[in-house]
> 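Here it is, the structure in full.
Just so it is clear, the structure is predicted and the values come from calculations on it, not from any experiment. Residue numbers start from 1 in every chain, and the chains themselves are labelled A, B, ... in the order their sequence lines are given, proteins ahead of strands.
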Amino acid sequence: MPEESTPSHHQQVVELAKRRGFFFPANEPYGGVAGFWTYGPRGATLKHNIESRWRERFAIGEGHMEIDSPTIFPEPVFEASGHLRDFTDMIAECPACGRAHRADHLVEATGEVADAEGLSITAIEALMDDLDVHCPDCGNSLADVAVEEFNLMFKTAIGPGSGETGYLRPETAQGIFVDFNRLAEYARNQLPFGVTQIGRGYRNEISPRRAIIRVRELTMAELEFFIDPERDEPDFSQVDDGQVVLYPVAAQEGDREHRHLDVVTAVDEGIITNAWVGYFIGITHTWLTDLGVDPERLRFRQHLPGERAHYARDCWDAEVYLGSDWTELAGLADRGVYDLTKHAEATGEEYTVFRAYDEPKTVERAMVDPDMATLGPEFGERATAIADELERLAATDPDAFDTDTAVVVEVGGDTLEVPVEATGFSIETVTEAGEGVRPEVVEPSFGVDRLVYTVLEHSYHEDEIDGEERRYLALPPSIAPTLAGVFPLLRSDDLSERARMIERHLADAGLSVAYDETGNIGRRYRRQDEIGTPFCITVDHQTLEDDTVTLRERDSTEQIRLDTDSLAAILRDLRDGRSTFEDVRGDADSVMRGVDG
RNA sequence: GCGCCGAUGGUCCAGUGGUAGGACACGAGCUUCCCAAGCUCGUAGCCCGGGUUCAAUUCCCGGUCGGCGCACCA
């Protein structure tokens with residue numbers, strides 16, 4: 001188990017992060033505000049690199065579209081999405097022991113009320129009184145306790161004066177759902193398609209904790225993937241067939257054992273019910289481990305039924321072990337048609353994609369064409385309502401028109417008789433080419449800040465080189481803030497000048513390099529080790545003779561000698577994953593040193 | 001939001017009712033030169049507000065921030 005083999009380095013990572021500029025509390029001179037952090041020079045670059053890798057894999061790599069929506073939305077959007085109601089918790093604090101509880105949960109726990117979440121505060125207070133609710137911790141009566149509202153969305157005012165109420169988005173997803181119709185048009189109305197967004201979201205957390213793990217302003221990377229559930233199947237040939245660690249509901253409630261399976265088998269055996277969720281679990285696993293997340297400390301845990309968000313039919317979290325416990329890194333949710341349906345209801349827009357039938361269908365359909373010239377004088381202001389009711393009746397009960405005299409309709413509580421000849425009833429044969437389909441949504445949603453933290457903690461290592469302790473970050477070259485350090489072996493005019501030239505050459509080639517000539521060479525290696533720089537290039541006296549330099553690899557501290565001409569291309573290949581240090585070493589002349597022991 | 005603990009250079013800590021010291025780091029220089037070497041010099045700090053006191057970084061109260069536990073995490 002991870003508990004035994006992988007001690008937490010949380011303290012060391014946070015200390016290193018502050019000291020070397022990965023992240024630090026924001027606004028410290030003003031005392032700071034909990035839950036807000038600034039990324040320093042190394043952290044901002046690391047985060048940016050991780051976002052770029054996400055974009056490559058989940059947007060470009062999957063052929064999806066990226067958008068960038070506002071972070072402030074008007075109130076009706078969250079009214080429709082359910083966030084306004086479900087993001088507001090009702091808290092009741094016990095006067096005896098001081099513990100806060102969800103008031104609606106207390107009421108539901110009595111068994112008298114099935115769903116208290118949507119009730120008003122006064123209704124909940126009355127129920128707590130009537131049902132004689134007691135504190136689950138100390139047993140004190142909560143009958144007269146005031147219920148307070150705690151809204152986890154940040155509220156703001158749009159425009160001057162009383163303005164319009166707005167909220168900072170708690171997830172980037174709504175910006176995609178709201179504008180679905182336009183986005184579907186950009187996708188040429190072809191399912192499946194995906195839309196991604198990387199951006200900030202805001203949650204007024206009750207208790208921000210653990211540095212950048214739980215914050216009030218966070219960066220999310222989300223993919224909303226729209227599928228036709230009857231037609232679209234994932235292509236599992238794109239998914240690594242290696243095993244992933246799964247922790248389904250049945251295991252959580254039963255033997256508590258993790259399942260080690262490949263995702264295709266997990267889908268085939270019904271452990272993962274939505275094949276697309278299985279697909280994204282597969283590519284998420286590969287993507288995360290490529291970034292340096294330790295596969296031994298990564299699992300996919302299915303949400304328990306009571307744990308799911310209001311919009312989710314099913315959800316699997318990618319969880320990482322961070323010393324103290326398992327922490328959610330990403331959520332892979334089956335949101336079904338929930339969001340699009342809600343926005344369709346609220347706006348009257350379609351939120352569907354037209355799907356042609358294989359063959360146009362010819363169907364017989366009961367139609368009405370009410371003769372308003374008759375109904376108007378006859379029924380006055382009720383004529384329009386009668387026409388609507390006739391249309392409904394034709395669709396649901398065409399036999400009602402099978403009469404020689406009058407059709408009976410109920411409008412506004414009155415039973416009225418409409419002469420059948422005035423209804424314009426007929427059975428028409430119509431040809432339908434297709435129908436509007438409301439796609440289902442599968443959503444991989446990543447917490448970028450947590451990923452930054454996890455990559456740091458999982459890559460943190462301590463070892464010993466020549467009897468000296470060393471700490472280093474084993475960051476992959478694809479995300480390391482600096483790709484290579486460039487040093488003169490010692491500070492002298494000729495070596496420094498030559499090293500400066502190489503630094504310039506590599507920077508011009510678009511590589512992130514850092515020149516350093518202070519202190520002795522060992523100190524400079526350690527500096528770069530500590531911020532996760534994977535390679536160091538050293539210019540020595542031999543460089544002046546044959547134009548070669550040494551290339552040192554961080555984790556092994558091995559060095560090889562290379563022609564300076566080939567440096568830029570080799571470093572670029574190393575950064576972009578086209579080759580490894582092992583490959584380069586195999587091609588090189590000599591190995592100069594390695595790890596001791 | 002509750003409870004416990006903490007807050008002193010960039011980082012990690014020691015200490016004191018009369019405004020502070022170490023280690024590491026950082027900068028300048030000398031020396032050495034392929035893995036945090038040595039020497040000299042230098043930069044830099046008591047979370048905020050109130051109270052007690054002649055005097056508060058120190059004691060008391062409140063707040064803020066951080067860590068942990070509980071609750072929460074849609």
Side-chain angles (χ1 to χ4, degrees), chain A residues 10-12 14-21 24-37 40 78 81-89 91-102 105 117 135-137 148 150-153 170-171 203-211 213-216 218 303 306-312 315 317 324-325 327-328 331 333 447 464-472 487-492 495 518-530 536-542 549-550 552 554 557-559 561 592-596:
Chain A
H10 179 78
Q11 297 295 338
Q12 293 93 318
V14 171
E15 183 269 315
L16 192 154
K18 285 198 278 193
R19 187 163 45 78
R20 301 307 304 271
F24 55 87
N27 302 306
E28 270 189 311
Y30 286 90
V33 181
F36 296 94
W37 293 72
F78 294 123
S81 72
H83 286 88
L84 203 56
R85 196 190 74 172
D86 291 320
F87 219 59
T88 302
D89 289 343
I91 304 280
E93 191 179 320
C94 175
C97 70
R99 292 183 200 277
H101 303 278
R102 286 271 302 261
H105 288 180
E117 205 172 299
C135 175
D137 287 307
E148 286 179 31
F150 187 79
N151 195 325
L152 290 166
M153 281 198 292
E171 57 172 1
R203 301 175 181 190
N204 201 0
E205 293 286 350
I206 295 171
S207 178
R209 284 288 164 86
R210 298 167 67 203
I213 292 290
R214 194 194 300 180
V215 289
R216 291 187 164 127
L218 55 145
H303 278 200
E307 186 180 0
R308 289 193 293 264
H310 62 274
Y311 50 70
C315 187
D317 280 350
S324 51
D325 53 16
T327 299
E328 176 191 352
E464 202 169 282
I465 302 296
D466 294 347
E468 297 283 348
E469 285 181 17
R470 178 176 79 134
R471 11 171 30 192
Y472 66 100
F487 315 139
L489 181 57
L490 51 93
R491 187 168 9 185
S492 69
L495 291 184
T518 64
N520 69 47
I521 190 71
R523 177 182 296 270
R524 286 175 261 156
Y525 287 144
R526 301 301 170 83
R527 267 190 199 131
Q528 296 301 327
D529 288 345
E530 198 175 37
C536 289
I537 293 151
T538 302
V539 171
D540 56 18
H541 292 101
Q542 190 178 334
V549 291
T550 61
R552 169 194 184 265
R554 173 197 60 212
T557 76
E558 277 184 12
Q559 287 183 302
R561 203 163 254 289
M592 296 180 64
R593 59 170 282 136
V595 182
D596 288 16

> Distance only, no hydrogens: is a donor on one side chain within 3.5 Å (strictly under) of an acceptor on the other, for A:R210 and A:T327?
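Short answer, yes.
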> Just checking, any donor-acceptor pair under 3.5 angstrom between side chains of A:T538 and A:Y525?
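There is such a pair (donor and acceptor under 3.5 Å, judged by atom type) between the side chains of A:T538 and A:Y525.
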> Checking only heavy atoms, does the side chain of A:Y525 share a donor-acceptor pair with the base of B:C34 at less than 3.5 Å?
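When only heavy-atom distances are counted, A:Y525 does reach the base of B:C34 through a donor-acceptor pair under 3.5 Å.
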> Taking B:C60 as the reference, what is the distance to B:U16 when you measure between their P atoms (whole Å, please)?
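These two P atoms come out 14 Å apart once rounded.
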> Assess whether one donor atom and one acceptor atom, taken from the side chain of A:S207 and the base of B:C72, lie less than 3.5 Å apart.
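Per atom types, no contact qualifies.
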> I need the CZ-P distance between A:R524 and B:A37, as an integer number of Å.
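So the two atoms are 11 Å apart, to the nearest Å.
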> Start at the 5' end of RNA chain B and walk down; is the nucleotide closest to A:K18 or to A:Y311 reached first?
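Mapping each residue to its closest nucleotide by heavy atoms, the 5'-most match is A:K18.
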> Write down the distance between CZ (A:R214) and P (B:C70), rounded to a whole number of angstrom.
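My rounded result for the distance is 12 Å.
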> Between A:R20 (CZ) and B:C12 (P), how many Å, whole number?
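Nearest whole value for this atom pair: 14 Å.
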> Roughly, in whole Å, what's the span from CD in A:E468 to P in B:C34?
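Atom CD in A:E468 sits about 16 Å away from atom P in B:C34.
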> Is it true that A:R19 and A:E530 have a side-chain N and a carboxylate O under 4.0 angstrom from each other?
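Yes.
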> Would you say A:N520 places a side-chain N or O within less than 4.0 Å of OP1 or OP2 belonging to B:A37?
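Yes, A:N520 has a side-chain N/O under 4.0 Å of OP1/OP2 on B:A37.
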> Between B:C26 and A:R527, is there an OP1 or OP2 to side-chain N/O distance shorter than 4.0 Å?
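Indeed, a polar side-chain atom of A:R527 lies that close.
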> Does A:R552 make a side-chain donor-acceptor contact with the base of B:C34, cut-off 3.5 Å?
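There is none.
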> Would you say B:A36 has OP1 or OP2 under 4.0 Å from some side-chain N or O of A:R523?
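So the side chain of A:R523 is outside the cut-off, no N or O lying under 4.0 Å from OP1 or OP2 of B:A36.
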> Report yes if a donor N or O on one partner sits less than 3.5 Å from an acceptor N or O on the other, where the partners are the side chain of A:E15 and the base of B:C12; otherwise report no.
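Result: no qualifying N/O pair found.
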> Tell me the interatomic distance from A:E205, atom CD, to B:A74, atom P, rounded to whole angstroms.
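Roughly 9 Å, once rounded to whole Å.
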> Counting C-beta onward and ignoring hydrogens, is there a side-chain heavy-atom pair between A:V539 and A:F487 closer than 4.5 Å?
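Counting from C-beta outward, A:V539 and A:F487 never come under 4.5 Å.
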> Would you kindly give the CD-to-C1' distance between A:E530 and B:C24, to the nearest whole Å?
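Computing the A:E530:CD to B:C24:C1' distance gives 11 Å.
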> Do the rings of A:H83 and A:H310 sit parallel, tilted or perpendicular, given the 30° and 60° boundaries?
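Correct class here is perpendicular.
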> Assign each of A:R209 and A:R19 to its nearest nucleotide of RNA chain B by heavy atoms, then name whichever residue's nucleotide is nearer the 5' end.
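Result of the comparison: A:R19.
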